[in-house]
Structure formats: C-alpha cells, structure tokens
Number of protein chains: 2
Amino acid sequence: MGKGFVQEVTAMEDDFAQWYTDVVKKADLVDYSSVRGSMIIRPYGYAIWENIKNELDHRIKETGHENVYMPLFIPESMLQREKDHIEGFAPEVAWVTHGGDEELTERLCVRPTSEILFCEHYKNIIHSYRDLPKLYNQWANVVRWEKTTRPFLRTLEFLWQEGHTCHVDAEDAKEETTRMLNVYADLCENILAIPVLKGQKTEKEKFAGADFTYTIESLMHDGKALQSGTSHYLGDGFARAFGIQYSDQNGEQQFVHQTSWGLTTRIIGAMIMVHGDNRGLVIPPKIAPTQLMIVPIAQHKEGVLDFAYDLKEKLSSIARVGIDASDKKPGWKFNEYEMKGIPLRLEVGPKDIEKEQVVLVRRDTGEKVFIPLNELDTTITKLLAEIQNNLYRKAVKLREKRTSVALSFEEFEDKLENHGGFIKAMWCGETSCEEQIKEKTSATSRCIPFEQESLSDQCVCCGEKAKEMVYWAKAY
Amino acid sequence: MGKGFVQEVTAMEDDFAQWYTDVVKKADLVDYSSVRGSMIIRPYGYAIWENIKNELDHRIKETGHENVYMPLFIPESMLQREKDHIEGFAPEVAWVTHGGDEELTERLCVRPTSEILFCEHYKNIIHSYRDLPKLYNQWANVVRWEKTTRPFLRTLEFLWQEGHTCHVDAEDAKEETTRMLNVYADLCENILAIPVLKGQKTEKEKFAGADFTYTIESLMHDGKALQSGTSHYLGDGFARAFGIQYSDQNGEQQFVHQTSWGLTTRIIGAMIMVHGDNRGLVIPPKIAPTQLMIVPIAQHKEGVLDFAYDLKEKLSSIARVGIDASDKKPGWKFNEYEMKGIPLRLEVGPKDIEKEQVVLVRRDTGEKVFIPLNELDTTITKLLAEIQNNLYRKAVKLREKRTSVALSFEEFEDKLENHGGFIKAMWCGETSCEEQIKEKTSATSRCIPFEQESLSDQCVCCGEKAKEMVYWAKAY
C-alpha cells in the first residue's frame with residue numbers, strides 16, 4: 001500500500017512514547033511552541049475537539065445544564081477558603097503578580113479549576129429552595145504547573161468543560177454525580193469508541209476537596225490506563241466554607257450539596273492511544289472531521305475531476321466528505337489520510353467511471369471493495385457504522401486480553417510485568433497498601449469498580465481482610 | 001402593563017450609565033465577582049454569546065478559515081520582537097512570575113492578543129507558496145489590565161475570536177482585511193440589527209503593529225460610538241520580525257503579508273445599548289436565546305397548562321420557544337420577559353382556548369394582537385422577521401438623527417454638545433488636530449469612512465487643506 005511513500009512513524013512495539021509523539025506531529029494535530037509545556041492545537045486537532053465538544057455540550061444541555069463563564073483569575077485569599085482544595089492545588093498553580101507596571105497587592109492564581117469562583121457566585125444567587133438545583137457548566141482553559149508534559153496527556157494549559165452544581169440534599173447531588181459520569185461514559189463508548197470502567201476513586205486518589213470521586217478509566221494500546229473523566233460529589237464542604245445556604249420549605253437555613261465534573265482535551269490522547277496503529281491515527285467515524293476522503297486517480301484525464309467533485313457534492317448529505325485534488329501522487333495522498341486516520345477512502349479513476357463503480361478502502365481493516373455507484377450511499381453509511389462498531393469491539397477485546405486477576409502480590413507483579421493492563425485484585429481499604437503497591441510496582445489504584453467481584457477475601461498487598469476489588473494499572 | 005410589578009431600572013434619560021448597569025444585572029446577563037474588573041457571564045448572557053459565536057463561526061468557516069488554539073502565555077522575550085506591538089500592549093498586560101513555589105526565570109505575559117504566538121507558529125509551518133494562504137482563527141479569552149471596567153464594554157478579561165492570516169502578497173492580504181470587515185458588518189447588521197459605519201482608523205487609533213486598521217463603528221442610544229469589530233492589515237512587519245518567509249514559484253524567498261481581526265463580547269454591550277429601553281433589554285430575534293415565551297393565564301384552570309405545553313411542542317419547529325409555568329403571577333412574568341428582551345410573548349388562557357386563539361405581544365412596540373390558532377405559525381414567523389427589521393430600521397433612524405455635519409470648530413463643539421452622536425467633519429490628516437479635538441471636546445476620530453463626502457476643503461480643526469472626511473464621536 002504505497003510502501004515507498006510512507007511517512008514513517010516509530011513502530012509502537014519499539015517505542016510507544018515515540019510512536020505517540022510521531023503521530024500527534026505527523027497527523028498535524030499539534031505543534032510545539034516556545035511556551036514550555038503548552039501546545040498549539042492545530043486545525044485538525046481542534047476540529048476533533050470541536051466535534052467532541054459539540055457532542056458533549058449537547059448532552060450537558062439535554063440533562064438540564066446551562067453554560068456560563070467565570071473569570072480566569074482567583075485571588076489568593078479566596079483560594080485559601082477550602083483547606084483540602086488549596087492543599088491539593090497550591091503546588092501547581094501559576095501566579096500573576098503584576099498588572100502592567102504595577103505590583104498587585106494580592107496575587108492572583110490562574111484557575112487550575114473553578115470550584116472557588118462558582119461557590120462565591122452561588123452564595124450570591126442562591127437564597128431559596130426554589131433556586132435549586134443550579135446546574136452550571138463552563139467551557140474554559142485551565143492551567144496546572146506540570147513539570148513533565150506531553151501533548152494532550154499532560155500540558156501546562158489545557159481545555160476542558162467543568163460542571164458545577166448545587167442541590168437541596170446529598171441524595172440529589174449524588175444522583176447528579178452518577179448522571180454525569182454516565183454522560184461521560186456514553187460519550188466515550190458511543191462516540192469515541194473507547195470502552196471505560198466505571199468506579200470510585202480511593203481516598204488517596206480522589207479530588208482535593210471532594211467527599212468522593214467517580215471516574216471512568218480506559219486502557220491504552222501499551223497497557224497503561226488513562227483517567228478519562230471524573231465526577232465529584234463535594235458534599236457540603238465547600239458550601240460550609242463559602243456559606244452557600246438556602247431556606248428550605250419550612251423556612252429553615254440549609255447548606256447546599258454540590259458536585260463538579262470535568263472532561264478535558266486529554267481524551268484526544270486516549271482516542272489516539274486506543275485506536276491508532278503503526279500507520280498513524282485511526283479516528284472513529286462519529287468524531288472524524290472528515291469521514292470519507294475522495295482521491296481521484298489519473299485526475300488529469302478528462303472527466304475525472306468533474307466526476308469526483310460531483311460525487312463529493314452528492315455524498316455530502318450522508319457523510320463529512322473531503323476531496324484531495326492537489327497534484328501530489330495518489331500514493332502520497334493514501335499515506336497522508338491513513339496517517340490522519342480518516343475512516344474511509346474513496347478512489348475513483350477513468351476505468352471506475354466507465355464501469356460505474358468506485359473503490360472504497362477502510363482505514364481500520366485496510367479492506368478494499370469495489371462498489372457500484374447505485375449502492376454507494378447505502379454502503380458508505382453501512383461501512384461508517386461498521387467501522388465505529390469494529391473500533392469499539394477491538395478496544396474491548398484488547399482490554400479483556402490485558403485484564404488479569406492477581407490473588408497474591410507476586411502474581412500482581414508478574415501479571416503487571418508480563419501483561420501490563422489492568423490488574424483486578426482485592427484490597428483492604430488502607431492507603432498504606434496503595435502506597436506500597438505504587439512504590440513497588442508503579443501501579444496505582446484506578447478505581448473501585450461499581451461492578452464488584454469477590455476474587456478472594458484477602459488484600460493482595462497485606463493479606464488482611466479484603467474490603468473490595470480494585471482495578472490497578474500503570475497510568476498516564 | 002403590570003405597572004405594579006415593574007422591576008424598575010433607572011430611566012436612560014436620567015442616567016444612561018446607571019440604566020446600563022441596572023439592565024445587565026436585572027436581565028441576569030452578568031454578575032460581579034471579587035476578581036476586580038472581571039465579570040461572570042451568567043446563563044442568559046452566555047446563551048446570547050453562544051448564538052453570536054455560532055453565527056460568526058459559521059461565517060468564518062464559510063470564508064475558508066480553520067480554528068486552532070494557541071497557548072495562553074507568551075514569554076516576555078518573544079513579546080519584545082515587534083517594537084510597535086509591545087509598546088502598545090506592555091502597559092496593559094498581566095504577568096505570571098511564579099509557577100507553584102518556583103520563581104520563573106522568564107516572566108510570562110497572559111495574552112492580550114496572540115499575533116506573537118501565531119507568528120512563531122507560522123514561521124514553523126510556512127515554507128512554500130503552496131502553504132499559503134494560511135487562514136486561522138481562534139476563540140479564546142484574553143486579558144488587558146484595564147483601570148476602569150464595565151460589564152461587556154471594558155473588562156480585565158474578555159472573550160473573543162481572533163483571526164490571523166498569512167498571504168503571498170499585500171494585495172491578497174488587503175482583500176482578506178476587507179473580506180473580514182464585511183463579515184463583521186454582515187453579522188452586526190443582519191443578525192444583531194446594529195447598523196455600522198465602515199472605514200479606516202487614523203494612524204493614531206490603529207492597532208499597535210498594523211499598517212492600517214479597518215473598523216466598524218456603531219452608535220449607542222446615548223449618542224456615544226462603539227468600535228464593534230476591527231480588521232488589521234499587518235503588512236510584512238511581523239513577518240520580518242519573526243522571519244516568516246516562503247519560497248515563491250521562482251524559488252525566491254519572500255516575506256508573507258498578514259492580517260488579524262477580532263470581535264469580542266463587547267458586541268453584547270452594543271446590542272444592549274442600541275436596542276434596549278426603559279423596560280430593559282430588547283434582543284433581536286435572530287440572536288435571542290428564547291424568541292417566544294409562553295405565559296399561561298389562569299393556569300390552575302383545567303386544560304390550560306396542557307394546552308400551553310402542547311403549543312410549545314408544536315411551535316418549537318418554527319422558533320426557539322420557552323414556557324413559564326411557575327406559580328408567579330402573570331404580571332411578574334410579563335415584566336421579567338420584557339426585562340430580558342424576549343421578542344414575542346404568547347398569552348393563552350381558558351377564554352382564548354375556547355375561542356381557538358392566543359394573544360401575541362411584541363417586545364419592540366408593545367403591540368398586542370389576537371391570533372386565531374390556525375394562523376399562529378405564519379404570524380409568528382412573520383412577526384419575528386418584522387421585529388428584526390424594525391429594530392434595524394429604528395437603529396438606522398437613530399443614527400441618522402444623531403449624525404451632524406460640522407464645518408467649523410464652533411459648530412463641531414455645538415453639535416457634539418447638543419446632538420451627541422456622530423459628527424462628520426473634514427480633517428487635514430494631522431495627528432495634532434485629532435489630539436486637539438480630543439482634548440477640547442473628548443471626541444475621538446472613529447473612522448475615515450469608505451464612503452467619503454466632500455463637505456468643505458478645510459480641516460475642521462486647523463483650517464488647513466482638508467484631506468478626508470472623518471466620523472468623530474465620544475466613544476466607549
């Protein structure tokens with residue numbers, strides 16, 4: 001398949017990290033800038049983000065939320081109000097100390113997340129039970145002062161949405177926490193074709209300031225896990241720190257119960273590492289900026305380009321269609337659009353036109369089929385759905401293949417070393433065991449899954465009485 | 001019209017600034033935060049911005065541009081590269097000096113605009129004439145350290161889009177500068193119902209680093225002008241400073257010619273001050289988050305609410321419809337949706353249902369009409385179009401009424417004092433005259449309009465030979 005023209009990427013088996021870096025650069029997703037740890041999201045990368053954003057924004061609005069926009073800066077004194085929260089975030093915030101030529105009397109932190117500002121606002125606008133629930137979301141950039149960064153996966157600045165909600169009681173807030181985790185899972189599984197495990201973070205891994213954190217965890221091609229979205233139940237801790245109270249139906253003052261939840265540009269990193277291969281990106285059709293790329297063959301011959309443009313026009317009602325009529329050789333084009341992970345390629349040349357057919361090539365399987373023109377619409381629709389399903393199925397299979405059970409610590413180490421992926425193992429519930437596992441194996445607890453299994457009654461680390469099953473993995 | 005319930009705003013004739021502040025607060029567009037000069041854009045305000053954004057983004061993409069995302073921070077040394085640019089922006093940037101606990105070796109400025117970062121990127125990705133034009137845009141937040149701030153009009157942080165493009169030559173770049181000014185004018189006139197004057201900024205008022213700046217200028221209800229969007233031709237100044245070169249068809253190295261153009265959340269301030277009245281906001285139908293609000297009358301009576309919800313369902317295919325079935329009194333609801341500027345109100349009670357009719361009330365004229373149910377669809381569509389046109393016509397009339405010609409300096413002062421609005425007057429082209437006019441009258445040159453008139457041959461200020469006609473006004 002045009003071997004000679006291949007714009008090569010490092011094979012993922014040889015060096016997965018380098019493969020990733022090659023792909024994000026060669027597929028034109030990002031570029032580096034001279035701002036340390038910050039990336040430029042290029043048109044192709046941003047178009048993917050826009051599609052993810054549209055899908056998610058739609059779901060957020062459908063579940064009754066409204067978008068707002070909060071300030072970028074948070075005064076230092078305000079950040080101090082919730083103790084756990086500031087402790088968690090202080091080491092990784094950027095500080096603004098000067099405006100123009102003047103030194104500020106109070107430092108401003110560039111938001112790492114916006115609980116604080118939402119809380120201040122909620123205190124102003126919530127008075128009565130009639131004001132509840134308040135279901136807000138914002139699309140924004142946030143900054144976390146990371147030491148080591150990688151495009152999409154960990155950057156100094158990233159884009160995300162952050163939901164912040166207030167409820168009359170714990171029950172209502174907990175329902176919301178679950179609802180939004182399910183929205184994230186739906187987005188990942190049905191749009192991005194990324195299977196996820198749903199569960200709760202341990203105390204050690206939960207969000208700074210939360211009562212508990214729900215998470216969806218996915219598995220990358222190299223056997224490492226990636227936290228793909230989190231939904232936090234904040235209890236009334238922030239409400240007490242900020243005095244967010246309402247008068248209930250009996251006229252009594254009550255604290256609200258809150259949630260927050262976020263999904264970031266990181267998910268693009270997951271998409272790359274779940275579906276990509278040694279020829280580059282593989283983008284699930286539902287999220288692909290271009291679902292079908294038309295490559296005219298022998299386009300200098302009379303009628304070919306007209307025919308190709310005509311096809312593009314006709315097919316635009318059933319798919320997002322592109323055409324490359326540049327003077328590059330077809331082999332170059334094939335490689336470029338394989339690198340960019342475009343789900344379907346359509347080739348059409350003089351002979352095809354004569355035979356009233358075209359060639360369709362699937363990015364996921366490489367399969368090549370000749371399709372009569374009068375079957376083209378239905379075939380494209382069918383193939384796009386098949387590709388979407390196939391990517392999901394492949395990802396589920398990979399995860400299954402790379403999920404092991406460990407009943408002893410030796411087994412844990414062995415499975416992690418030889419299989420990678422998720423290790424299911426029982427845990428006593430003590431942070432000390434988590435820490436020991438991390439220290440000895442680099443694996444962290446990914447989640448306490450909602451779907452529990454009873455593998456044994458002993459903690460895989462200390463051998464004491466097990467409390468629950470945990471998924472463990474090395475993680476991004 | 002429910003006088004007793006009116007949630008009053010200061011009359012605009014009494015105190016326009018206070019009227020504005022009352023309206024933005026009482027229509028729930030914004031809230032203040034404890035971050036000086038930064039505003040919270042509330043759901044209703046943000047929904048308006050989303051509609052504006054969608055309309056503009058569509059136009060930006062249709063004219064061949066692609067969205068990207070650049071970093072928030074710019075290293076100080078990079079900012080120094082273009083002399084005029086840094087001189088213009090340095091006094092109003094926020095500086096990040098610390099990341100976590102560490103002091104940075106180089107300060108980072110929070111972007112006030114992103115020419116610098118786009119230029120650095122363009123240098124990396126542009127090599128050949130085949131790479132041109134590069135037509136990029138980004139939606140982002142920017143920060144300018146303003147002393148005095150007002151919601152939407154002037155805030156420390158604001159939201160905008162900024163286009164940045166590279167072209168093979170001056171001609172192509174100048175065409176782009178004009179094209180995007182026209183896109184802005186189209187958005188303002190046809191969507192926001194705001195008439196604009198198109199023209200060029202004087203040397204004194206142009207963008208720091210530009211060869212020239214095109215602008216659209218609109219007139220507020222109080223007779224002050226508001227710059228509503230700008231499009232800059234940057235020449236090859238940035239290209240030379242950053243070394244953005246390409247090899248042309250003869251293999252020779254050439255500098256690119258660039259443009260940049262931006263439109264901000266400020267335009268919401270314009271919409272408020274062009275269309276609003278003493279009952280609150282008036283939102284043009286094309287941009288209104290809710291175009292028609294259904295208020296059931298005597299909703300406790302059997303069948304009313306069912307009927308109202310049924311109507312909402314049916315009308316949703318022709319308009320963005322809301323319904324208020326809360327237990328507030330109808331009069332309260334009327335006032336609330338008048339304050340929020342919703343173009344049409346639909347009232348329906350038991351008697352209407354019996355007579356198979358509803359009541360429609362226009363926000364712009366207060367006109368109230370009874371409409372048979374079988375004419376409802378066509379009437380709503382017709383009325384929304386009429387309201388949109390009427391708002392535009394009214395704004396044009398206001399501008400005409402408040403545009404004067406001044407042939408002498410005395411006349412200039414007199415007209416400005418007694419009419420406010422735009423003063424058309426001849427100008428010699430010297431900055432000193434601009435400065436004198438500003439000093440003596442507080443009016444600034446708004447633009448040198450593309451549609452020139454020859455009012456006299458003398459500069460209105462110095463009496464020397466006039467070069468061109470300028471629109472002058474006090475401005476936001």
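Below, all heavy atoms of this structure are taken into account, side chains as well, without hydrogens, waters or symmetry copies. So you know, we letter chains A, B, ... as the sequences are listed, proteins then strands, and number each from 1.
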B:E313 atom CD, neighbour heavy-atom count above 12 within 6.0 Å: no
Counting heavy atoms not belonging to A:D101, are there more than 12 under 6.0 Å from its CG? no
Sort out for me which of [options] touches chain A most, counting heavy-atom pairs under 4.5 Å.
{"options": "B:H121, B:E92, B:R107", "result": "B:H121"}
{"options": "B:V30, B:N67, B:V93", "result": "B:N67"}
{"options": "B:S34, B:P75, B:P91", "result": "B:S34"}

Checklist entry - Going by distance alone, is a donor N or O of one side chain under 3.5 Å from an acceptor N or O of the other, for A:N141 and B:Y69? => result yes
Parallel, tilted or perpendicular: which one describes the rings of B:F73 and A:W145, with boundaries at 30° and 60°? tilted
Which atoms of [X] are under 4.5 Å from chain A, going by heavy atoms: the side chain, the backbone, both sets, or neither?
{"X": "B:W95", "answer": "both"}
{"X": "B:Y136", "answer": "side chain"}
{"X": "B:V143", "answer": "side chain"}
{"X": "B:N137", "answer": "neither"}
{"X": "B:K123", "answer": "neither"}
{"X": "B:E102", "answer": "side chain"}
{"X": "B:E50", "answer": "side chain"}

Under 4.5 Å to a heavy atom of chain B? For A:M39 that would be backbone
Turns out that what part of A:R130 lies under 4.5 Å from chain B's heavy atoms comes down to side chain
Using a 3.5 Å distance criterion without hydrogens, assess whether the side chain of A:E120 forms a donor-acceptor pair with backbone atoms of B:S33. no
Checklist entry - Is there a donor-acceptor contact under 3.5 Å from the side chain of B:E157 to the main chain of A:L72? => result yes
Point-to-point distance, once rounded to the nearest 0.5 Å, from [atom1] of [X] to [atom2] of [Y]:
{"X": "B:W139", "Y": "A:Y46", "atom1": "CH2", "atom2": "OH", "value": "9.5 Å"}
{"X": "B:L117", "Y": "A:I40", "atom1": "CG", "atom2": "CD1", "value": "7.0 Å"}
{"X": "B:S38", "Y": "A:M70", "atom1": "OG", "atom2": "CE", "value": "11.5 Å"}

Which one wins on heavy-atom pair count under 4.5 Å against chain B: [options]?
{"options": "A:E66, A:R144, A:H98", "answer": "A:H98"}
{"options": "A:L108, A:L104, A:L156", "answer": "A:L104"}
{"options": "A:G45, A:G99, A:A90", "answer": "A:G99"}

- Message: With heavy-atom distances below 4.5 Å as the criterion, would you say the side chains of B:V35 and A:I74 are in contact?
- Response: no
Check the pair B:D31, A:N124 against side chain to side chain contact (heavy atoms under 4.5 Å, CB included), reporting the backbone distance first and the verdict last. CA-CA 9 Å; B:D31 197 12; A:N124 287 338; 3.8 Å; yes
Does the pair B:R42 and A:I125 meet the rule for a side chain to side chain contact (heavy atoms under 4.5 Å, CB included), with working shown?
-> CA-CA 11 Å; B:R42 300 192 63 186; A:I125 63 168; 3.7 Å; yes
Notebook entry, point to check: If you measure from the Lys or Arg side-chain nitrogens to the Asp or Glu carboxylate oxygens, is any gap between B:E106 and A:R36 under 4.0 Å?
Noted result: no
